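These numbers come from the heavy atoms of this one structure, side chains and all, not from hydrogens, waters or symmetry mates. What you are looking at is a predicted structure, and each value in this text was computed from that prediction instead of being measured.
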Amino acid sequence: GRVQTVAVRLIVDREREIRAFKPEEYWDFKALLRGSQPPDFEAKAVKYKAKKFKISNQEEADAVRDELQQVDFIVRDQKKKEKKRRPVPPYITSKLQQDAVRQLGFTVKKTMSLAQRLYEGVPMGDEGPVGLITYMRTDSTRVAASALEEAREFIEQRFGKNYLPPKAIHYRSKKGAQDAHEAIRPTSVLRDPASVKSYLKRDEFRLYTLIWNRFVASQMKPALFDQTEILITAGSVDFKAVGSVMKFDGFLKVYQGAETAAEAESSARLPQLKVGEKTEVIKLEREQKFTQPPARYNEASLVKALEEKGIGRPSTYQQILTVITSRDYVKKEKNRFQPTELGELVNDLLVRHFDEIFDYDYTAKLEKDLDRIEEGEENWIEALNRFYSGFKPRLLSAREQMQNLRQTGVPTDEKCEKCDSPMVIRRGRYGPFLSCSNYPKCRNTRELSKDANGNPSALKNGSLKVNCDKCGRLMVLKTGPYGSFLACSGYPECKNTKRLVEKDGETVVVGQKELEEKCPKCGTRLVLKAGRFGEFAACGNYPECRYIKSESTGVPCPKCKQGEIVAKRSRRGKVFYGCDQYPECDYVIWQKPVKETCPECGADYLLEKVTAKTGKIWYCDNRDCSYKIVVGKPKKAARSASSK
């Protein structure tokens, strides 16, 4: 709970940053230039009047544009240097989880499940089950000497001596790493992805390829680039263009990783220009932009934040994300974490009464204390005494002062329409709801609506202005297993309810709207209702009259000779056909009746059946008649014809 609460706090704090964020206007200027040598290149404004380029309104932007249209763009300087891009260490748990999210689109849970299977062993034909990777819960970049030697021999044979550094590369683990296990690597580099692909499922193969590529690349030479930087002066504005050309791919031959925006921008080739040279302006662009709030955490960025703050261990990241999501402290919207109302409430209560324990730095410090106890550098009893001496008074204080929201609820300005007591927000099986503070004497409840940000907000009393059509009292909004509905405020004396549905962007009270059509049985007007399978029209005199308007086939009932065959639905949603005089007539049939006379026996109707192989068929319901005709193409044939 200590670590999970801090993870929730990270998400809550980020959400409040986003809510409090106020965007600021700024302008970008770019120029497409042409020098004496090809190619054309793009330069970006970096300074204005010898200070960092910062234009924050339309007037300033217009002034800069006017100035740039009247001045020459002169090459002030051109620099060239060789740039190295060094290989990255083999995977530790957190880095594997982050890359699997970014590059493969896996969740942290899925990544660890696939890695577990690769570690435990995969059947490899005659070899039997083979563990393909080392242990996947580790924070160490250490690699066994035998594995390094095997990797170096493989690199020399596969790629040549040019890609092999003079000696094996050893990477330092981060400070505080437990170093109990090696880095995540293939158990044998000789099992390259191509050789094991036939034994692995698609996602297992993708993850193994990621691990294998990263490990092999970690023992290869750096990639070399010729980087060029051109500085352009245009009046009061300085422009800069950066480009690079790869001289030697090095480890990039095996592992590309995720290219950053800066690397993508600097990958263009630049011309060779002379200092003092005047360049031609082909196009001058300016763009209005606004600063963006910090992004919500996804699984990769949350794991990264926990790792950077020293919170949690390789074995706990997956569990942290699973628990805080499954217990409704946070939710995922478009693969980004957002705190729920419950999460914010719990976070505020815990931080208010136990602020030191759930502080980021304290949690990281406690991880170090646990490591020192494990290594025998500190006595665990003394560490617990030191913790409990500060924790005990906070716990006693919280028992007395912490608000019990299960009993009291969160106060609101709403009033109960039954007893006029204040309404409070409580939580139930289907989320937060409004409840009378005079509970259990008054058991009135009401639904909560959502504001623009999706947060619960009290629905104003009577805002729907719907009265019960049975007793005349106000109806209130509630939530059940099938969504929101209106219930009479006189419950349990009056148990009348109305369904609510979204139609054309508006909430419609189903069962309130009367239709022009009348019931053919009792003459009462039909009303619009909603069931499990959508809207339907039914008699307004229910339950005295149970007439439901259904799709008519126009075929008279062959049993009672009085009603018509109509379409109906079973409890499981399957369509069947029966007499509209039910329950007086119980005739039912599964096939759709068609109002066509049988040309052989003269029967009043035919039955319709559709199969994928034959298509739509009409046939006679008379067992003694063999009439059958195909009236529609099969689905496969129709699909192939449309593709042609």
Side-chain angles (χ1 to χ4, degrees), residues 3-30 44-46 48 51-61 94 97-103 105 107-108 258-265 285-312 317 320-321 324-325 328-352 355 358-361 363-364 410 431-432 448-457:
V3 179
Q4 292 155 6
T5 304
V6 174
V8 172
R9 185 175 183 180
L10 276 169
I11 296 169
V12 170
D13 288 350
R14 177 59 59 87
E15 190 68 23
R16 288 174 178 169
E17 278 185 67
I18 295 171
R19 291 174 191 166
F21 180 81
K22 294 181 179 179
E24 295 181 2
E25 180 184 3
Y26 70 98
W27 291 74
D28 274 346
F29 277 75
K30 293 180 181 179
K44 184 177 180 180
V46 292
Y48 180 56
K51 293 182 180 180
K52 183 179 179 181
F53 191 84
K54 187 177 181 181
I55 304 299
S56 55
N57 57 61
Q58 176 85 43
E59 293 180 2
E60 292 182 11
S94 60
Q97 292 171 347
Q98 292 168 45
D99 271 10
V101 171
R102 292 172 185 145
Q103 298 184 41
T107 62
V108 168
E259 186 180 41
T260 65
E263 289 169 344
E265 189 176 334
E285 293 181 342
R286 62 174 186 165
E287 184 180 3
Q288 182 189 31
K289 293 185 177 181
F290 293 90
T291 53
Q292 298 296 315
R296 293 187 176 98
Y297 290 108
N298 60 13
E299 291 198 357
S301 57
L302 184 58
V303 168
K304 183 179 180 181
L306 292 171
E307 181 191 24
E308 288 176 347
K309 293 181 181 296
I311 299 167
Y317 296 135
I320 292 169
L321 303 189
I324 65 177
T325 306
D328 199 32
Y329 297 124
V330 301
K331 60 183 178 181
K332 288 179 79 173
E333 294 284 344
K334 297 180 180 178
N335 290 323
R336 297 276 176 175
F337 288 109
Q338 285 183 259
T340 61
E341 178 260 346
L342 174 64
E344 292 196 49
L345 204 59
V346 170
N347 174 77
D348 291 345
L349 286 173
L350 291 176
V351 171
R352 186 181 306 139
D355 58 329
F358 298 118
D359 181 74
Y360 301 136
D361 294 335
T363 305
V410 180
L448 281 169
S449 65
K450 302 282 184 180
D451 61 20
N453 295 320
N455 301 310
S457 62

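From Ile18, atom CD1 reaches atom CG of Asp13 across 11.0 Å, with rounding to the nearest 0.5 Å. Atom CZ of Phe53 sits about 10.0 Å away from atom NZ of Lys44, to the nearest 0.5 Å. Distance CD/Glu24 to OG1/Thr291: 5.0 Å, rounded to 0.5 Å. Rounded to the nearest 0.5 angstrom, Trp27 CH2 and Glu287 CD are separated by 9.5 Å.
No hydrogens or angles considered: a donor-acceptor pair under 3.5 Å links the side chains of Gln288 and Glu25. A donor-acceptor pair shorter than 3.5 Å can be found between the side chains of Arg14 and Tyr297.
Asp28 has a carboxylate O that lies under 4.0 Å from a charged side-chain N of Lys289, or vice versa, which qualifies the two as a salt bridge.
Under the side-chain contact (heavy atoms from CB on, under 4.5 Å) test applied with Leu10, the options Leu306, Asn347, Thr5 reduce to a single match, Leu306.
When all heavy atoms of Thr325 and Phe337 are compared, the closest pair comes out as OG1-CE2, 3.7 Å. Nearest heavy-atom pair, Ala300 versus Arg102, reported as atom, atom and distance to 0.1 Å: CB-NE, 4.1 Å. When all heavy atoms are compared, the tightest approach of Arg336 to Asn298 is NH1-N, 3.8 Å. For the pair Glu299 and Val101, the tightest heavy-atom approach, listed with the atom from each and the gap, is CB-CG2, 4.1 Å. When all heavy atoms are compared, the tightest approach of Ser94 to Tyr317 is CB-CE1, 3.8 Å. Scanning all heavy atoms of the two residues, the minimum distance from Thr340 to Lys331 falls at CG2-N, 4.0 Å.
For the salt bridge (charged side-chain N to carboxylate O under 4.0 Å, His left out) test, no residue two or more places apart in sequence or in another chain qualifies with Asp361. When the salt bridge (charged side-chain N to carboxylate O under 4.0 Å, His left out) test is applied to Glu15, the partners found at least two apart in sequence or on another chain are Arg296. Judged as a side chain to side chain contact (heavy atoms under 4.5 Å, CB included), and not counting sequence neighbours, the contacts of Glu60 are Ile55, Ser56, Asn57.
For the pair Gln338/Lys332, no side-chain contact is recorded, criterion being any heavy-atom separation below 4.5 Å from C-beta on. Arg16 places a side-chain heavy atom less than 4.5 Å from the side chain of Val12.
Counting heavy-atom neighbours within 6.0 Å of Asn335 CG, excluding the residue itself, gives a total of 12 or less.
Under a 3.5 Å cut-off, the side chain of Gln97 and the backbone N or O of Val108 do not form any donor-acceptor pair. A side-chain donor-acceptor contact under 3.5 Å links Arg9 to the backbone of Phe358.
Taking the six-membered ring wherever Trp is involved, the centroid distance between the rings of Tyr26 and Phe290 does not fall below 6.0 Å.
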Next on the checklist: side chain to side chain contact (heavy atoms under 4.5 Å, CB included), that's the test. Do Ile11 and Ile324 meet it? Break it down for me.
Outcome noted: CA-CA 10 Å; Ile11 296 169; Ile324 65 177; 3.9 Å; yes
Subject >> Residues Leu302, Leu321; criterion side chain to side chain contact (heavy atoms under 4.5 Å, CB included); working and verdict >> reply: CA-CA 9 Å; Leu302 184 58; Leu321 303 189; 3.3 Å; yes
